[in-house]
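First comes the structure, then the notes that go with it.
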Amino acid sequence: DSGVTQTPKHLITATGQRVTLRCSPRSGDLSVYWYQQSLDQGLQFLIQYYNGEERAKGNILERFSAQQFPDLHSELNLSSLELGDSALYFCASSPGVLGNQPQHFGDGTRLSIL
Amino acid sequence: AQSVSQHNHHVILSEAASLELGCNYSYGGTVNLFWYVQYPGQHLQLLLKYFSGDPLVKGIKGFEAEFIKSKFSFNLRKPSVQWSDTAEYFCAVNAGLTGGGNKLTFGTGTQLKVEL
């Protein structure tokens, strides 16, 4: 158990819909990261938040957005879903923003678009 | 931009065989290097990390990796694999970003299958 909690574990929805993925970081961790894992793109960094503020942005589509709340949990919102958004979405956390701090991953949310 | 290459996409070994998985990264500055393992249906788990100091680092479950700066490499090794090592292995680099953020850039992964 990594201490990072993601809900839901599985999500099945249709094209054009909107979903929200939730992540609770390890106790004491202030940074939250979102990654997308798909067969064709591999593991791709989406976005990082630190203590409520966006710190880094990767290959995140404009249809996707995220936020980190005062209690440090984070949500990733995916809208106008397309078939290609089907993937495993991982959340990770680390204590701060230093690159030498390992990121600890949750179990992921498997998103299937029908 | 940083990038990571893992040369072996699929590796099949018999139990007790030795393992070496290649990883090369592309970045000219200071890097932090990681190996993660993903067992079937599970989350990514940290195997080992390198920040500085001794280039030979030891991780969990008998794994070790050697950082060779001149070759931009960080290969993963294990002297004797077990059936339970069957998993996907990811090499990752974190080089930091302007603005104080950071991200992991992952290789494409190596699927290891250990046969009895």
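What you are looking at is a predicted structure, and each value in this text was computed from that prediction instead of being measured.
Using a 4.5 Å heavy-atom threshold, the side chains of Asn32(B) and Gln101(A) count as separate.
At most 12 non-hydrogen atoms from other residues, nucleotides or ligands lie less than 6.0 angstrom from CG of Leu39(A). Arg26(A) CZ: more than 12 foreign heavy atoms inside a 6.0 Å radius.
Considering every non-hydrogen atom in both Lys49(B) and Pro102(A), the closest pair reads CD-CG, 3.5 Å. The heavy-atom pair separating Val97(A) from Asn102(B) by the smallest distance is O-ND2, 2.6 Å. Across every non-hydrogen atom of His43(B) and Asp107(A), the tightest pair is ND1-OD1, 2.7 Å. Residues Phe34(B) and Gly99(A) approach most closely at CZ-O, 3.6 Å, considering heavy atoms. For Phe45(A) against Leu104(B), the heavy-atom pair with the smallest separation is CB-O, 4.0 Å.
Cluster membership for Val11(B) and Phe74(B), using ILVMFWY side-chain heavy atoms within less than 4.5 angstrom, is shared. Residues Val19(A) and Leu114(A) are members of separate hydrophobic clusters, defined by side-chain heavy-atom contacts under 4.5 angstrom among Ile, Leu, Val, Met, Phe, Trp and Tyr. A continuous path of Ile, Leu, Val, Met, Phe, Trp and Tyr side chains, each step under 4.5 Å between heavy atoms, connects Val4(B) with Val57(B), placing both in one hydrophobic cluster. Both Val81(B) and Trp35(B) sit in one connected hydrophobic cluster of ILVMFWY residues. Membership requires side-chain heavy atoms under 4.5 Å apart, directly or through other members. Ile12(A) and Leu81(A) fall into different hydrophobic clusters, defined by Ile, Leu, Val, Met, Phe, Trp and Tyr side-chain heavy atoms under 4.5 Å apart, directly or through other members.
In this structure, the portion of Leu46(B) lying under 4.5 Å from any heavy atom of chain A is its side chain and not its backbone. Only the side chain of Gln37(A) comes within contact range of chain B, with heavy atoms under 4.5 Å apart. Looking at Gln38(B), only its side chain comes within 4.5 Å of chain A, counting heavy atoms on both sides. Neither the backbone nor the side chain of Tyr50(A) has a heavy atom closer than 4.5 Å to any heavy atom of chain B. Only the side chain of Tyr35(A) has a heavy atom closer than 4.5 Å to any heavy atom of chain B.
Ring-centre distance between Phe105(A) and Tyr36(B): below the 6.0 Å cut-off.
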* **Check against side-chain contact (heavy atoms from CB on, under 4.5 Å), Leu43(A) and Leu44(B)** => CA-CA 11 Å; Leu43(A) 265 164; Leu44(B) 288 155; 3.8 Å; yes
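With hydrogens and angles ignored, the 3.5 Å screen pairs no side-chain donor or acceptor of Asn100(A) with any backbone N or O of Phe51(B).
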